[in-house]
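Below is one structure, written out as structure tokens; the observations come after it.
Keep in mind the model is a prediction, meaning the values are calculated, not measured. First the proteins, then the strands, lettered A, B, ... as listed; each starts at 1.
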Number of protein chains: 2
Amino acid sequence: MKQKITLKKIAKEFGVSISTVSKALKDSHEISSEVKEKIQAFAKYYHYKPNSLALNLRNQKTKTIGVIIPEIVHHFFTKVITGIEKLANEKGYNVMICLSNESYEKEVLNLDMLANGVVDGIIASVAKETEAKEDYRHFTELIDNGIPLVMFDRVVDEIECNKVIADDKGGAFLATEQLIKNGCSNIALITTPDYVTVGHERKEGYLKALNEYNVPTNEDLVITIDDQKSIDDQLNDLFEGNTIPDGIFAVNEIYAATVMKVARKFGHSVPDDIEVIGFTDGLISEFTSPSLTTVAQHGRTMGQKALELLLDEIDSQDLQYHHKTHLIQTDLKVRNSTKKVQLQN
Amino acid sequence: MKQKITLKKIAKEFGVSISTVSKALKDSHEISSEVKEKIQAFAKYYHYKPNSLALNLRNQKTKTIGVIIPEIVHHFFTKVITGIEKLANEKGYNVMICLSNESYEKEVLNLDMLANGVVDGIIASVAKETEAKEDYRHFTELIDNGIPLVMFDRVVDEIECNKVIADDKGGAFLATEQLIKNGCSNIALITTPDYVTVGHERKEGYLKALNEYNVPTNEDLVITIDDQKSIDDQLNDLFEGNTIPDGIFAVNEIYAATVMKVARKFGHSVPDDIEVIGFTDGLISEFTSPSLTTVAQHGRTMGQKALELLLDEIDSQDLQYHHKTHLIQTDLKVRNSTKKVQLQN
DNA sequence: TTTTATTACGCAAACGTTAGAGTAAATTTT
DNA sequence: AAAATTTACTCTAACGTTTGCGTAATAAAA
């Protein structure tokens, strides 16, 4: 394997010192134009590029930020990354993406790796396993080490750092409200276990809407999905019980798409018999039939905001930096899984 | 912002030399157990972690590999990354993901960035813009600099490096063959412009199948999609022409899902009037109705294989390293957009 | 008691880079 | 002609780490 070209090698080539080469390549006035020209030509010919590691070590910064996400096959996370990447690029930062695969252990590993000088700051969304475990020492340790951290989407209240979250509760409220206004009275909720914070928040919004509009809640209509088992099977219960829902709010797009499929299997029509709203930033909703009305999360915006906050903290010399929690608005994207009812204001 | 703890600081704390600290932390026999114990305790308390930059610089390797993909919101690419990540983890490597966003310029930038000592090797799929431009100097430069490169999916023939590609032609053949065997005689192709290599390959497979089974080709049935314009609009032509297709092969999942939607709009039923097969590794296909029969690409496998080849080259001292092109088999995932015909062998 | 081993540390170089300080030689000024 | 300035370089330290080598002091062997 060929060796990379370095200042040292160029210096040797011309019988000058390393610093002469460095300065020549920087077009320093300290170096004669004659020497500068030949060194520059040589460097160009061999495509000399300064070694980033050396530069980073010297400058004590890497111009790279780390992003830890639980899953990359989720459209929402890729949207967030797109947002981060775009702004990072404009600001001259590189992005290093790591996956925790929802595993606590991998999250710790990733954090460890990133913390040791590799990045100037970290943006993270915590793994489900970590949320279940409630062990966040790896994050606090990071902060103790003075590495700026921004949490997004799945955040931890106890941790003192900048945060960016979608208005999950508000979005769920909006969705449920829409179903109520469309005339639904038996509104089901398809959600995750409670330890998944976003699931929890969305459930809160659902309950708030029912409450505010005096729609009685019904425990039978709340289905908590265990991702380890078949989603289809777990949804069967909903249509085999005493109360068949006329509206369904699902906390994500997969659940929403799946419940439509299962509803159809039971002979129900969407949106005529049952209206369905999902929660997402995904692609699937557009291609189901009927296409899914969803709560849009604006993942890109979240990513951008997260990076904005991170760079803000990185640039801040302030020892008493004040952390913020930024709420990204969600809104309803009406498609064809809900009826087009004329709403009176 | 707090400062990171270093060997130097620990050395100062105990009034010993830096090397003593380094050796103490490595439990060297050269250091008395008394000194070792107190230094180790101190380091543990302040969670000392060696600075990776310094280590990488010294060891002349980073244990990090870079991945450049055109788009992260594509399920196929995220699958590939999942495959890379998994194996990388097992082998103790980190993964740095960069997005070119299909832009030539960003690809050059990313490559530049990664090339300067940041990674030990690179896995890349080239941007559409680069394919159109046919300017691959940034890749050859990389190779000239001795940085191992593996290309996947969208590869460049002229470049001398390890490659991993899906059997696009074979998959397309399989899909078209299936349509023919199901009795279709007017088989449409929804494809990308020809400069997108995978689109080109899939078209080849389509033509090969038609040819082999003596099905006449029909230029009117080949639709080349311009991603800049509305896909729906471009597909209208297909159903407004003289020959209405009874089978459609689309080179990706979005085209396939969209063409089903448009077909329905024109009053055709899938799979009764028209059978549709897509090409992908995506999520959408499962949730369309009918669900889409597709050619599975095995993105994870591709990712794993790509990393395998890369590590192979990194570890090889061989100056005359022999590059390979690895073909990943594709196969048909039959769902409900095709008829269940009993095939006679 | 002298020689040899052992223990426990420090020194220095190396990875690649930059930038301020230092220094010969050449040139200009007085 | 002497002094001052400019030119064109080199030296050195620093970023954080590792490791072979050197070396005191102590301990063991002859």
Listing time: all N or O pairs from protein to nucleotides 15-18 of chain D that are below 3.5 Å?
unit_1, atom_1, unit_2, atom_2, d
dC15(D), OP1, K8(B), NZ, 3.2
dC15(D), OP2, K8(B), NZ, 2.7
dC15(D), O3', Q60(A), OE1, 3.3
dC15(D), O3', Q60(A), NE2, 3.4
dC15(D), O2, R58(A), N, 3.4
dG16(D), OP1, Q60(A), NE2, 3.0
dG16(D), N2, A54(B), O, 3.3
dT17(D), OP1, Y48(B), OH, 2.5
dT17(D), OP1, N51(B), N, 3.1
dT17(D), OP2, L7(B), N, 2.7
dT17(D), O5', Y48(B), OH, 3.4
dT17(D), O2, R58(B), NE, 3.3
dT18(D), OP1, K26(B), NZ, 2.9
dT18(D), OP2, S22(B), OG, 3.0
dT18(D), O4', R58(B), NE, 3.3
dT18(D), O2, R58(B), NE, 3.1
dT18(D), O2, R58(B), NH2, 2.2

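A distance of 11.0 Å separates CD1 of I123(A) from CD1 of I68(A), quoted to the nearest 0.5 Å.
Rounded to whole angstrom, the span from the NZ atom of K12(A) across to the C1' atom of dG16(C) amounts to 16 Å. Distance E34(B) CD to dT7(C) P: 16 Å, rounded to the nearest Å. Straight-line distance from the CG atom of N56(A) to the P atom of dT18(C): 12 Å, rounded to whole Å. Straight-line distance from the NZ atom of K36(B) to the P atom of dT7(C): 12 Å, rounded to whole Å. Between the P atom of dC9(D) and the CG atom of L25(A) lies a distance of 13 Å, rounded to the nearest Å. Look at NZ on K23(B): it is 11 Å from P on dC9(C), rounded to the nearest Å. The separation between E30(A) atom CD and dT23(C) atom C1' is 12 Å, rounded to whole Å.
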Distance-only donor-acceptor pairs under 3.5 Å for side chains of residues 86-100 of chain B, two or more places apart:
unit_1, atom_1, unit_2, atom_2, d
K86(B), NZ, E90(B), OE2, 3.2
S100(B), OG, E102(B), N, 3.3

Please tabulate, one pair per line, all N/O donor-acceptor pairs under 3.5 Å involving side-chain atoms of residues 301-311 of chain A, not counting sequence neighbours.
unit_1, atom_1, unit_2, atom_2, d
K305(A), NZ, E308(A), OE1, 2.9

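Residues E107(A) and K133(A) are not paired through a salt bridge, judged by the lack of any N-O separation under 4.0 Å between the basic side chain and the carboxylate. Residues E141(B) and K49(A) are paired through a salt bridge, judged by an N-O separation under 4.0 Å between the basic side chain and the carboxylate.
Close to dC9(D), at under 4.0 Å from its OP1 or OP2, lies a side-chain N or O of S32(A).
Contact annotation: the side chain of L7(A) approaches that of Y48(A) to within less than 4.5 Å [non-hydrogen atoms, C-beta and beyond].
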